[in-house]
Amino acid sequence: MSATADPEPLIVPRAEHSISRSNISPNALKVLYRLRDAGHAAYLVGGGVRDLLLGHEPKDFDVATDATPEEVRQVFRNCRLIGRRFRLAHVFFGPEIIEVATFRGSAIPAGQDGTDDDVARTQNGMILRDNVYGSIAEDALRRDFTVNALYYNIADFSVVDYAGGLEDLEAGRLRLIGDDVAARYREDPVRMLRAVRFACKLGFMIDGACEAPLADLAPLLGEVPAARLFEEVLKLFHAGYGLHAFEKLRHYGLFAQLFPATDACLAREEHAFPMVFVGRGLDNTDRRVLDGKSVVPPFLFAVLLWEPVRLRYQELLAGGTPWADAIALASHEVASTQQRHVAIPKRFGMPMREIWSLQPRLERRQGRRPMALLGHPRFRAAYDFLLLRAEAGEVDPELADWWTQFQDANAGDRAKMTGANKKRRPRRRKSKKASAGGAGSSSGGGDGGGESVAGMQGRATGGDGDG
């Protein structure tokens with residue numbers, strides 16, 4: 001705990017704020033009451049308090065307490081302790097999880113207090129592990145933004161503010177806690193992404209002092225585990241303000257740290273359609289979220305990474321690679337490289353690559369191929385992807401219109417559209433002499449010419465590049 005006295009908080013009594021327990025999850029209230037009844041301090045904290053004060057519906061509810069994680073587990077049988085970087089307790093109520101965190105103390109560098117295992121940092125100052133516990137005042141000043149450091153006290157239903165969060169909430173301002181903004185970003189570079197996310201979500205302006213170092217410190221995101229950045233990307237782009245977040249991320253140089261290959265493609269000025277394509281894709285996702293429709297990570301990442309895939313595919317085609325091999329290889333290369341920056345789990349990476357692989361197949365509309373494509377599990381996503389490409393001007397809109405009509409057509413019209421009703425010419429039978437002469441070349445070594453399309457596809461998609 002800090003040697004200096006804790007600052008005096010601003011305490012707003014129940015009669016002077018707008019938070020009502022009727023708007024708080026019943027399960028969160030159960031956790032708060034049971035901790036209080038067990039003799040512990042218990043507060044609702046963070047985004048839940050912020051959103052309730054703004055009149056928004058919170059996405060989740062987090063609890064802060066003076067009880068250690070082990071003490072929390074003694075109170076709740078339906079509890080699991082998680083995390084090494086930050087030790088937390090998760091209390092389970094069916095599908096709902098209430099996260100309970102012990103008040104964090106001042107961040108003392110490892111080795112200075114005889115507890116090397118409690119705190120660890122990188123050379124740049126990023127906190128790798130922090131399980132030093134302290135008072136509520138220390139906990140408040142350790143949080144990232146002032147508007148996220150507001151507490152709702154279940155003991156008397158008051159709101160407690162140690163960092164000026166209520167004033168910033170009123171002003172619509174996003175401000176980091178503490179005087180050394182750069183040090184706060186170095187402690188956790190993800191705070192830069194959170195600054196963009198909260199600014200977009202809340203419609204707040206980023207305080208000038210917090211905004212100034214973003215471009216210079218953006219490379220610090222390279223120190224963050226790629227798996228953690230995957231979760232942050234979903235929060236940025238699957239919440240209904242993805243297009244706005246994309247524009248802000250590019251403005252501050254943060255998008256280039258997450259998707260360097262895409263950013264490099266977008267910086268080229270030969271064609272406008274890549275930027276239009278990404279913009280339309282994100283806008284489409286935003287509209288689906290706001291309409292309460294489902295959105296899936298494979299489609300999002302397919303949109304964000306398509307331009308580097310498309311350019312590499314064209315390169316391979318120009319070099320003589322067959323189209324099926326070219327799209328498989330381009331998809332594999334781009335997805336594998338992306339893993340170093342934002343790790344896409346295999347369960348999402350494989351469908352993403354299927355969406356890409358179907359794009360050249362959608363251009364082949366003769367014979368039985370179109371009917372076979374309709375039965376593909378990824379057809380609908382690939383078709384929606386094609387519509388975006390047509391809207392952006394990358395492909396002829398006639399191709400997208402054809403597929404729209406083909407899906408709605410009856411069997412006879414489909415046959416006419418594909419030429420499938422044309423009679424095939426009977427094959428000419430080979431003479432026995434010709435068959436005997438060619439037998440050796442069809443079964444043996446030949447000149448070793450090239451791996452088959454199926455072989456290349458299997459090799460390209462079978463690795464762990466998306467895993």
Side-chain angles (χ1 to χ4, degrees), residues 21 23-52 57-105 107 110 115-120 126-136 138-140 142-144 148-155 187-188 190-191 194 224-235 238-239 297 343-348 467:
R21 279 169 288 169
N23 295 324
I24 299 174
S25 160
N27 293 322
L29 289 174
K30 286 179 186 176
V31 172
L32 290 167
Y33 285 136
R34 287 178 64 180
L35 285 171
R36 182 200 62 182
D37 294 344
H40 301 292
Y43 296 80
L44 199 65
V45 66
V49 179
R50 177 201 69 216
D51 290 347
L52 287 170
E57 182 179 352
K59 184 178 179 182
D60 47 37
F61 295 90
D62 296 334
V63 171
T65 179
D66 59 359
T68 65
E70 290 72 20
E71 289 172 331
V72 174
R73 185 164 55 181
Q74 290 174 5
V75 176
F76 300 96
R77 289 187 300 174
N78 52 326
C79 174
R80 180 183 304 161
L81 302 188
I82 67 160
R84 173 174 170 81
R85 182 173 179 267
F86 295 114
R87 194 77 165 149
L88 299 168
H90 277 181
V91 184
F92 292 82
F93 296 91
E96 185 178 14
I97 299 173
I98 306 300
E99 186 172 277
V100 182
T102 306
F103 296 144
R104 291 294 188 271
T115 56
D116 290 0
D117 290 336
D118 291 333
V119 179
M126 186 173 77
I127 296 177
L128 299 176
R129 187 170 61 257
D130 177 15
N131 291 302
V132 174
Y133 304 132
S135 66
I136 183 175
E138 289 177 300
D139 186 75
R142 287 294 314 282
R143 293 181 178 270
D144 51 10
N148 292 339
L150 299 169
Y151 297 75
Y152 174 77
N153 189 354
I154 198 63
E187 285 177 354
D188 186 1
V190 168
R191 285 174 178 157
R194 287 166 65 84
V224 179
R228 186 182 176 202
L229 290 181
F230 170 79
E231 299 297 334
E232 293 299 323
V233 166
L234 291 188
K235 292 175 184 177
H238 270 180
I344 305 169
K346 196 169 185 177
R347 67 183 184 278
F348 300 134

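In this structure the side chain of Pro297 never reaches within 4.5 angstrom of the side chain of Arg347, judged on heavy atoms. The closest side-chain heavy-atom distance from Phe93 to Asn78 is below 4.5 Å.
Heavy atoms only, all atoms of each residue included: Tyr151 and Ala64 are closest at CE2-CB, 4.2 Å. When all heavy atoms of Cys79 and Ala89 are compared, the closest pair comes out as SG-CB, 3.8 Å. Considering all non-hydrogen atoms of both residues, Asp66 and Ala41 come closest at OD1-N, 3.0 Å. Residue Asn153 comes nearest to Ala42 through the heavy atom pair OD1-O, 3.8 Å, listed as atom of the first residue, atom of the second, then distance. The two atoms that bring Ala343 and Ala227 nearest to each other are CB-N, 3.8 Å, heavy atoms only.
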Going through the distances and angles, do Val63 and Val91 end up as a side chain to side chain contact (heavy atoms under 4.5 Å, CB included)? CA-CA 10 Å; Val63 171; Val91 184; over 6 Å; no
Verify side chain to side chain contact (heavy atoms under 4.5 Å, CB included) between Ile154 and Leu29, making sure each step is shown before the conclusion. CA-CA 8 Å; Ile154 198 63; Leu29 289 174; 4.2 Å; yes
Do Val190 and Leu229 pass the side chain to side chain contact (heavy atoms under 4.5 Å, CB included) test, and can you show the C-alpha distance, the side-chain angles, and the key distance before you say yes or no? CA-CA 8 Å; Val190 168; Leu229 290 181; 4.2 Å; yes
Which is it for Tyr152 and Ile24 under the side chain to side chain contact (heavy atoms under 4.5 Å, CB included) test, yes or no, and what are the steps along the way? CA-CA 11 Å; Tyr152 174 77; Ile24 299 174; 3.8 Å; yes
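Applying the ring-ring contact (aromatic ring centres under 6.0 Å, His included) criterion to Phe230, with sequence neighbours excluded, gives Phe301, Phe348. Taking Arg143 as the reference, Asp139 meet the salt bridge (charged side-chain N to carboxylate O under 4.0 Å, His left out) condition, with sequence neighbours excluded. Residues forming a side-chain hydrogen bond (donor to acceptor under 3.5 Å, both in side chains) with Asn23 (at least two apart in sequence, or on another chain): none. A search for salt bridge (charged side-chain N to carboxylate O under 4.0 Å, His left out) contacts involving Arg194 returns Asp144, not counting sequence neighbours. For Glu70, the side-chain hydrogen bond (donor to acceptor under 3.5 Å, both in side chains) criterion is met by no residue, not counting sequence neighbours. Every salt bridge (charged side-chain N to carboxylate O under 4.0 Å, His left out) that Lys235 has, sequence neighbours left out, goes to Glu232. Residues that satisfy the salt bridge (charged side-chain N to carboxylate O under 4.0 Å, His left out) test with Asp51, not counting sequence neighbours, are Lys201. Judged as a ring-ring contact (aromatic ring centres under 6.0 Å, His included), and not counting sequence neighbours, Phe61 has no contacts. By the side-chain contact (heavy atoms from CB on, under 4.5 Å) test, Glu71 pairs with His40, Ala67, Thr68, sequence neighbours left out.
With hydrogens and angles ignored, the 3.5 Å screen pairs a side-chain donor or acceptor of Arg142 with a backbone N or O of Gly105.
In this structure, the separation between CD1 on Ile98 and CG on Asp60 is 8.0 Å, given to the nearest 0.5 Å. Taking CZ of Arg50 as the reference point, atom CG of Asn148 lies at 5.0 Å (rounded to 0.5 Å).
Here side-chain hydrogen bond (donor to acceptor under 3.5 Å, both in side chains) pairs that include residues 89-102, with residues two or more places apart or in two chains, are Ser25-Glu96, Asn27-Glu96, His90-Glu99.
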Counting only pairs under 3.5 Å, give me each side-chain donor-acceptor contact of residues 31-39, with atom names and distances, residues two or more places apart or in other chains.
| from | atom 1 | to | atom 2 | distance (Å) |
| --- | --- | --- | --- | --- |
| Tyr33 | OH | Arg21 | NH1 | 3.2 |
| Arg34 | NH2 | Val75 | O | 2.8 |

